[in-house]
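Computed from heavy atoms alone, side chains included, the values below leave out hydrogens, waters and symmetry copies.
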Amino acid sequence: QVRLVESGGGLVEAGGSLRLSCAASGSFISINAMGWYRQAPGKQRELVALFSHSGSTNYADSVTGRFTISRDNRKRTVYLQMNSLKPEDTAVYYCNADLTESSTYSRRGYWGQGTQVTVSS
């Protein structure tokens, strides 16, 4: 059974930093894409940062220059380093992965349980 387990959220003052981690476990052939989304109260879930299948990265305009996504393929883990945090970054951050399942050889999307990030002003 595939699982995405996130960690690293918390409460931080504006201007501070946090590092999120997301580890994929279970049986799958490949990670096609993996990254982070967030959802603030009353708003739609939005892309924050993503590794595509080619290894290229995509960032939301609002976090470019402040957030950095990285990965450790051996550990099947993706990280999100968040610097210069702002109150508007407050949201639940969700890990997302597009995986090729070993049982069906089909691609399927998975979500983590979410981790709360709160930035105080």
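- Between the CG atom in Leu85 and the OG1 atom in Thr90 there is a gap of 8.5 Å [rounded to 0.5 Å].
- The shortest non-hydrogen separation linking Gly55 to Arg71 is CA-NH2, 3.6 Å.
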Inset, instruction - Under the side chain to side chain contact (heavy atoms under 4.5 Å, CB included) rule, what do Phe51 and Ile31 come out as? Steps first, then yes or no, please. - result: CA-CA 10 Å; Phe51 271 111; Ile31 299 175; over 6 Å; no

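- For the pair Ser70 and Val78, the tightest heavy-atom approach, listed with the atom from each and the gap, is O-CG2, 3.1 Å.
- The line from CZ of Arg3 to CD of Gln113 is 7.5 Å long, rounded to the nearest 0.5 Å.
- Taking both residues in full, the closest heavy atoms of Arg38 and Ala91 are given as CB-CB, 3.9 Å, listed atom of the first, atom of the second, then distance.
- Relative orientation of the Trp111 and Tyr94 rings is perpendicular, given thresholds of 30° and 60° on the angle between their planes.
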Inset, instruction - Test Asp72 against Tyr79 for side chain to side chain contact (heavy atoms under 4.5 Å, CB included), laying out the working first. - result: CA-CA 8 Å; Asp72 185 329; Tyr79 306 94; 4.1 Å; yes

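- With hydrogens and angles disregarded, no donor-acceptor distance shorter than 3.5 Å links the side chain of Ser56 to the backbone of Ser54.
- Note: Asp98 CG to Arg108 CZ = 11.5 Å, rounded to the nearest 0.5 Å.
- Contact check for Val117 versus Met82: side-chain heavy atoms found under the 4.5 Å cut-off.
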Inset, instruction - Walk me through it: do Glu6 and Trp36 pass the test side chain to side chain contact (heavy atoms under 4.5 Å, CB included)? - result: CA-CA 10 Å; Glu6 301 136 335; Trp36 295 92; 4.0 Å; yes

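- A cation-pi arrangement, defined by a distance under 6.0 Å to the six-membered ring centre and an angle within 45 degrees of its axis, is absent between Arg45 and Tyr37.
- For the atom pair NZ (Lys86) and OG (Ser121), the distance works out to 14.0 Å, reported to the nearest 0.5 Å.
- In plain terms, the two heavy atoms of Ala60 and Thr64 that are nearest each other are O-OG1, 3.0 Å.
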Donor-acceptor contacts under 3.5 Å from residues 21-30 side chains, at least two apart:
{"residue": "Ser27", "atom": "OG", "partner": "Ser102", "partner atom": "OG", "Å": "2.5"}
{"residue": "Ser30", "atom": "OG", "partner": "Asn32", "partner atom": "OD1", "Å": "3.4"}
{"residue": "Ser30", "atom": "OG", "partner": "Thr100", "partner atom": "OG1", "Å": "3.3"}

Inset, instruction - Test side chain to side chain contact (heavy atoms under 4.5 Å, CB included) on Leu99 and Val2 and set out the steps. - result: CA-CA 9 Å; Leu99 308 176; Val2 174; 3.3 Å; yes

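- Residues Tyr59 and Phe67 come closest through the heavy atom pair CE2-O, 3.3 Å.
- A salt bridge links Arg66 with Asp89; the closest basic N to acidic carboxylate O contact falls under 4.0 Å.
- When side chains are defined from C-beta on, Val48 counts as touching Leu80, because their heavy atoms get closer than 4.5 Å.
- For the pair Leu50 and Ala33, the tightest heavy-atom approach, listed with the atom from each and the gap, is CD1-CB, 4.5 Å.
- Atoms CG and CG, from Leu47 and Asn96 in turn, are 9.0 Å apart once rounded to the nearest 0.5 Å.
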